[in-house]
Asker: 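Please see the structure below; I have some questions.
Both ligands and their constituent atoms are indexed starting at 1 by order of listing.
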Amino acid sequence: MPEPTPIDKLTEAEARAELSHLAEVLAAANRAYHTLDAPEISDAEYDALKQRNAAIEARFTALKRADSPSDQVGAALASGFGKITHAVPMLSLENAFEDSDIADFEERIRSFLGHSGSLAFTAEPKIDGLSLSLRYEGGHLVQAATRGDGAVGENVTDNARSIADIPQTVTGAPDVMEVRGEVYMSHADFAALNTRQQEKGEKPFANPRNAAAGSLRQLDAAITAARPLRFFAYAWGALSAPLSETQFGAIARLQTMGFKTNPLTFLAESPDDLLAHYRKVEGLRATLGYDIDGVVYKVNDLALQARLGFRSTTPRWAIAHKFPAELAWTRLEGIDIQVGRTGALSPVARLAPVTVGGVVVSNATLHNEDHIAGRDAKGNPIRGGKDIRVGDWVQVYRAGDVIPKINDVDLAKRPADAPAFDFPARCPECGSEAHRAEGDAVRRCTGGLICPAQAIERLKHFVSRGAFDIEGLGARQIEMFFHDRLLPIRTPADIFTLAARDRAQLARLENRDGYGKTSVAKLFAAIEAKRTIPLDRLIFGLGIRHVGEAAASLLARHYGDWPGFEAAITAARPGSPEWADLTAIDGVGAVLATSLTEAFQNPAERAAIDALVAALSPQPVEKPWLDSPVAGKTVVFTGTLERMTRAEAKARAEALGAKVAGSVSAKTDYVVAGPGAGSKAKDAERLGVPMLTEDEWLAMVDA
Ligand code: IVH
C-alpha cells in the first residue's frame with residue numbers, strides 16, 4: 001500500500017486539497033462504473049478512496065464538500081431504457097474495513113437512539129452484482145427497475161421476467177410489494193458465457209458482475225433470457241403492509257414467497273457475533289461459486305431501523321464490511337495529463353493491461369505531481385520515497401473491486417535510462433501557465449474559458465444527465481460543435497442560439513454528415529424543451545468548482561428561485577449578511593461559497609452566465625414537503641429530550657423541511673425545550689419565540 005499522510009497529521013489546507021481531488025477522482029470513477037459499465041479502477045481502490053475521503057471529512061467536518069462523494073450514490077443512467085422513479089429511493093451502503101469500524105457502527109446506533117438494551121443485527125454476504133427493484137401488485141410482478149442514480153432507474157421489466165430466480169407471481173404478499181436484491185452470475189455460468197462469446201468472436205466480459213450488468217441491461221430481452229442470471233432478495237422498497245417486525249423475519253417471509261435468499265444470512269446478538277460471521281463468510285468465499293465482496297450488517301428490529309432512518313445516500317442502520325484489496329504487477333507505458341473542467345491537470349498512468357481481481361486494468365490514477373515524485377502533500381515520502389517513471393514495473397491495487405492506483409515500484413527493474421517524470425508547468429491543451437495554489441495538491445490551468453479543454457469539459461458537463469441532459473447533444477456532439485467553424489458551440493448560451501443561427505444559414509446542419517431533417521428537428525426540439533429548467537439543474541449545470549449535484553440542490557432549496565439566488569450570490573462577500581446566510585446552509589462551507597461567489601464576480605464568467613440565463617426560464621424549486629407544519633421553520637432543540645436523541649430529533653425535523661439551528665435568534669420559529677433547558681429557553685422568552693415541550697413538538701410533527 002502507498003503511504004498517504006496519516007489523517008491525524010494532515011493540515012487543514014492539505015485536507016481541503018485532498019478532498020477536492022478525491023471528489024474529482026470518485027466522480028470520474030462513478031461515471032465509468034455506473035453509466036458506462038466499464039470500471040476503470042478496482043472496487044477496492046474505489047472503496048479505499050471513499051474511505052479516506054470519509055475519514056478526512058470526519059476529522060475536518062467543516063471541510064466536507066457539498067458535492068462530497070460520501071453523499072453520492074451511483075451515477076447517471078445509460079440511455080435506451082424507459083425511466084422509473086423509485087417509490088422509495090434505492091440507496092447505497094456505508095463501508096467498513098476494520099473490525100473497529102463495526103464497534104463504532106454499533107456505538108453510533110446506540111448513541112443516535114439513546115439505546116442501551118440488547119441490539120441484534122443480521123449479517124449476510126454482500127453480493128457483487130447489480131441491484132434490482134421488483135414491484136408486485138396483487139401478487140403479480142408488474143415492474144423491474146435498476147438502481148440508476150438511486151432516485152430514477154431503468155425499466156428492465158421484460159428482462160427481469162426471464163430470470164428464473166424471480167417469481168412472476170407470489171402468494172401471501174402485501175398488495176403492493178417492492179422486493180429488492182442483487183442480480184448476479186455464478187462463476188461457472190460466467191466461464192461458459194465467455195467461452196460462447198469467444199466462439200462467436202465477441203468480446204469476453206471482464207468479470208461476472210460486468211457480465212450480469214451487461215446481460216440485464218440489454219435492450220433486446222431475448223438476449224437477457226439467453227444469459228444465466230440469478231437473483232438474491234435482501235431488501236424491499238414500497239410496501240402496502242409490513243413484511244415482519246424484524247429484518248430476519250422479513251427475509252424469511254420473502255423466502256416462503258419463493259424468493260431466493262442467501263443461505264449465509266445470520267442473526268447476530270453482538271458486534272463480536274458479526275465479526276465471527278464475517279470470518280466464516282470470508283473463509284467460505286472461494287467455495288461459494290459467485291462473487292461477494294464483503295458482509296452486510298443490518299439492525300434487526302425494523303422499528304429501530306425506521307427511527308434510525310437515512311443520511312443522504314445511506315441508511316444509518318446498515319453497513320457493508322468489505323474484504324481487503326487485490327494487487328498485480330505491470331509495466332507503466334506512459335503518463336498522460338488530462339485537463340478537467342475546473343482546469344485540474346490530472347496525471348493518468350497508461351499501463352500494460354493486467355488482470356487485478358478479475359478486472360482488466362490499463363489505467364490508474366497518479367493523483368498529482370507529488371504523488372508521482374514519491375511524496376505526499378507535506379513532502380513526506382510515500383512508497384519509501386520511490387518516484388514513478390515511464391518504463392517502470394509498478395504494482396497496481398484495487399481493494400474490494402473499482403479506481404486502480406499504484407502501490408509500489410520495482411526499482412530493480414527500472415530501465416537505466418528512465419528519466420524522472422517532468423510534470424508540465426503549462427497546460428498541455430492551451431499552453432497557459434498551470435499554477436499550483438498554496439495548499440492545493442493539484443496544478444491547474446489558468447486559461448479558464450480560453451482553454452479549449454476546460455471549455456469543452458464544461459460544455460460536456462452542462463449537457464450531462466444531472467444538468468441539462470439534452471437528448472441528442474452528448475459528449476461526442478459537443479466535441480463536434482465545439483470545433484465547428486460555421487455553427488460553433490463554445491459556451492452554454494450558444495446551444496440556445498443554435499437553431500436561429502442554423503436558420504440564418506439556410507439549414508446547414510440538415511445536410512451535414514449524420515444529420516437529416518428529422519434528427520435536426522429533434523435536436524432543436526430537445527434544446528427548446530430545456531429552456532425551462534429546474535433551478536437545481538441550472539446551478540449544477542454552470543459547472544462551478546465545488547458545486548456538485550448535492551450542493552446545487554441545497555442552494556436551490558435554500559434560495560427557491562433564480563432571481564433570489566443570483567441576487568444573493570452577487571452580493572455575498574465575506575462579512576456581508578448574504579455571505580452569512582450562504583455559509584449557514586448546512587453543507588455549504590467557505591470553500592464552496594468562495595468558489596461560487598468568485599465565479600459570479602468574474603466578469604467573463606458572469607457574462608457567460610447572464611447570456612445563458614437570458615435564454616432560459618429557470619423553474620423555482622418545488623417543495624413537496626410544504627404540507628408539513630414545520631416546513632421552512634427554524635427550530636432550536638434545547639435541554640434533555642426524553643423520547644428521542646438530539647440526532648434523531650434533528651434528522652426528523654430536517655426530513656420535514658425544517659431548519660435546525662444551534663442558537664436562538666429573532667428568526668427562530670420554535671424552541672423545543674426539555675428538562676434542564678437553560679440560556680436558550682431564556683433567549684426564547686426574551687425574544688418572544690414560541691416554546692414547545694418535546695411532546696407538543698411530536699404531536700405537531702406527527703399530525
Ligand atoms: S442492502 C438501503 N444487502 O450493495 C440499502 N445490499 O454498496 C439496501 N448489495 O446497492 C442494500 N449485497 O446493490 C444490501 N446483502 C445485501 C447486499 C447489498 C449486495 C449491494 C446493493 C447495494 C450496494 C451498496
Asker: Using the side chain to side chain donor-acceptor pair (under 3.5 Å) criterion, which residues pair with D165? Sequence neighbours excluded.
Answerer: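 None.
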Asker: Restricting to side chain to side chain donor-acceptor pair (under 3.5 Å), what partner residues turn up for N300, sequence neighbours left out?
Answerer: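 Result, side chain to side chain donor-acceptor pair (under 3.5 Å) vs N300: none returned.
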Asker: In terms of side-chain geometry, is the basic nitrogen of D189 or R230 positioned less than 4.0 Å from the acidic oxygen of its partner?
Answerer: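 Judged by the 4.0 Å cut-off on N to carboxylate O distance, D189 and R230 do form a salt bridge.
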Asker: Could you check whether Y278 and F323 have their ring centres less than 6.0 Å apart?
Answerer: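 Yes - the distance between ring centres of F323 and Y278 falls below the 6.0 Å cut-off.
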Asker: Could you name the protein residues that come within less than 4.0 Å of ligand 1, counting only heavy atoms, and order them by chain and residue number?
Answerer: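 Within 4.0 Å of ligand 1, the protein residues are L91, L93, E124, P125, K126, I127, S131, R147, E182, Y234, V296, K298, P315.
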Asker: Salt bridge between R307 and D301, side-chain N to carboxylate O under 4.0 Å?
Answerer: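 No, this pair does not count.
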Asker: Can you sort out the partners of R316 under salt bridge (Lys or Arg N to Asp or Glu O under 4.0 Å), two or more places apart, ordered by chain and number?
Answerer: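 None.
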